[in-house]
A.B. asks: 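Mind having a look at this structure? Questions to follow.
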Amino acid sequence: MWERVLVKKVKATLMDATGMEQTVTRLAHEIIERHPDLASLALVGIQRRGEFLARRIVEAIRRHTASEVKFGTVDVTFHRDDFRTRLPAPRVGPTKIAFGVDDLHIVLVDDVLFTGRTVRAAMNSLMDFGRPASIELAVLVDRGYRELPIQADYVGYSRPTSVNEQIHVHVVDVDGTDEVLLMEYGE
Amino acid sequence: MSEPAISIKHLLGLEGVSRQDIQTLLDTGFSFREVLDRPIKKVPTLTGINVVNLFFESSTRTRISFELAEKRLSADVTNFAASASSLNKGEGLKDTIQNIHAMRMDAVVMRHPAPGSTRQLSQFVDAVVINAGDGTHEHPTQGLLDMMSLQERFGHLKGLKIGIIGDIAHSRVALSNIFGLITMGAEIKVCGPGHLIPPYISDLGVSINCDVDEVLEWADAVNVLRIQRERMGEGIIPSVREYRNRFGITNERLSKHRKEIVILHPGPINRGVEIDSDVADGDQAVILDQVLNGVAVRMSVLFHLLGSRLSEGEA
């Protein structure tokens with residue numbers, strides 16, 4: 001019997017550091033535009049890379065408006081629906097929401113929007129902290145293939161992919177470089 | 001598919017559990033601590049999982065702690081309590097095993113007076129087995145929550161100097177602490193009445209010192225064991241007063257040392273015997289943190305053990 005060996009190779013670079021910076025700035029502007037009252041806004045990054053993207057959007061909002069937007073992180077491991085079929089993540093990141101979420105407009109931030117299950121889990125997790133006025137979603141890349149009726153309100157880059165493709169978002173804080181890669185798996 | 005986060009299938013004791021597994025259980029324990037600070041202290045992780053708590057020996061805090069951990073993970077909980085005296089031990093355990101097998105339980109949390117009983121159970125049932133105390137053998141989740149409380153206070157375990165004071169010979173808390181902490185690189189001195197320290201204990205890598213003041217001078221933290229008053233009738237300890245004078249942790253005794261010594265106690269506390277009230281309620285005591293960490297680390301144990309079992313069987 002031959003063992004199938006899957007090779008992963010970079011098919012395209014979708015964003016480099018400059019492109020990512022521009023996209024993050026644009027997302028920040030779109031968020032500001034829809035939320036004139038920044039005091040009632042909070043950005044919550046989904047662990048792990050969503051945290052760093054959310055941090056950058058908060059930073060971009062500060063640069064342009066000189067106001068500090070509330071910032072938190074959420075880890076969805078305990079709320080995932082695939083606990084029975086997949087191994088639990090060895091590393092559970094911190095959930096830090098140091099403000100009351102009641103009546104706030106919350107923007108969840110993630111790197112890639114795919115099935116929508118992570119976002120569903122993140123919304124459930126947020127509800128454990130109270131009753132936000134609204135929840136919106138900002139993603140750097142939307143790669144399609146939704147399994148739940150979830151759409152992003154702010155999309156950095158939309159790229160329909162096939163099943164043997166993957167989007168890898170690298171952020172300098174975790175991976176040492178800022179880039180978005182389209183990966184392909186083949187034999 | 002990625003490797004399971006931990007390599008053990010059951011938690012029967014901390015003996016032989018790797019450093020990496022212990023660290024993973026503690027780290028996830030801290031993640032669950034955060035869940036316990038939320039307005040809604042419950043996550044849906046173990047929805048549809050059946051856990052039975054079998055207590056053949058009386059227990060209040062361990063049973064409640066496990067039950068809370070299970071409920072906060074959304075598991076379905078069944079409790080079974082029986083006093084040891086009402087059961088013929090051998091026959092009782094055999095029946096229990098057959099019943100659990102027939103009931104298709106996902107996990108069994110068991111406390112039993114016979115050392116090794118949970119290991120026996122794990123060999124015959126197709127369920128995750130968690131030891132909640134087997135006689136004088138081990139009480140692994142207590143060991144984990146003690147380590148979690150120490151890590152919370154000091155930021156690390158490696159190199160910590162820990163004194164364990166009391167009846168070492170009959171203490172499963174002591175044994176689980178020793179196995180766990182030695183694996184994590186801490187140093188341990190055991191201390192207590194000479195006849196309650198088994199000579200073989202030094203084979204486990206701990207040193208023995210029967211002078212409590214010397215141990216306090218050396219230690220960063222001490223784990224004060226409960227003096228089991230129910231054993232007084234057996235003549236193990238001559239009198240409560242004598243024990244307090246020689247081994248009791250009092251403010252007077254602690255004030256002789258200029259450093260702050262962190263105090264742990266597994267509970268229930270005999271105030272005025274092994275520890276004085278003002279010490280137990282003082283700032284250096286982490287006794288109530290231990291209670292909170294107990295729920296969190298038991299959630300971590302259930303999460304990891306059931307997670308790797310399910311992914312193996314049903315994926």
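To find a chain, count down the sequence lines: A is the first, B the second, and so on, and within it residues start at 1.
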A.B. asks: Between B/R38 and A/T95, does the side chain to side chain contact (heavy atoms under 4.5 Å, CB included) criterion hold? Intermediate values first, please.
C.D. replies: CA-CA 10 Å; B/R38 293 181 190 178; A/T95 294; 3.5 Å; yes
A.B. asks: Let's go through A/H79 and B/V43 carefully: what are the C-alpha distance in whole Å and the side-chain angles of both, what is the deciding distance for side chain to side chain contact (heavy atoms under 4.5 Å, CB included) to 0.1 Å, and is it a yes or a no?
C.D. replies: CA-CA 6 Å; A/H79 281 81; B/V43 287; 3.4 Å; yes
A.B. asks: Take the angle between the ring planes of B/F303 and A/F78 and call it parallel below 30°, perpendicular above 60°, tilted in between.
C.D. replies: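 Aromatic pair B/F303/A/F78 classed perpendicular.
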A.B. asks: Should we count CD of B/Q284 as having more than 12 external heavy atoms under 6.0 Å?
C.D. replies: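 Result for CD/B/Q284: enclosed.
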A.B. asks: Under 6.0 Å from the NZ atom of B/K41, do we count more than 12 heavy atoms belonging to anything else shown?
C.D. replies: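 Correct, the count exceeds 12.
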A.B. asks: More than 12 non-hydrogen atoms from neighbouring residues, nucleotides or ligands closer than 6.0 Å to CG on B/D283, yes or no?
C.D. replies: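 No, CG of B/D283 has 12 or fewer neighbouring heavy atoms, counting only those of other groups under 6.0 Å.
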A.B. asks: Got a second to check how far A/R80's CZ is from B/T45's OG1, nearest 0.5 Å?
C.D. replies: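 Here the rounded value is 11.5 Å.
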A.B. asks: Side chain from CB out, backbone as N, CA, C, O: work out which of these in B/K42 comes under 4.5 Å of a heavy atom of chain A, or both, or neither.
C.D. replies: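 The answer is the backbone of B/K42.
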A.B. asks: Can you confirm whether more than 12 heavy atoms, excluding those of B/R119, are under 6.0 Å from its CZ atom?
C.D. replies: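 At most 12 heavy atoms, drawn from other residues, nucleotides or ligands, come within 6.0 Å of this atom.
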A.B. asks: Are there over 12 heavy-atom neighbours, none belonging to A/R62, within less than 6.0 Å of that residue's CZ?
C.D. replies: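 Correct, the count exceeds 12.
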A.B. asks: To the nearest 0.5 Å, what is the distance between CD1 on B/I40 and CG on A/N124?
C.D. replies: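 Here the rounded value is 10.5 Å.
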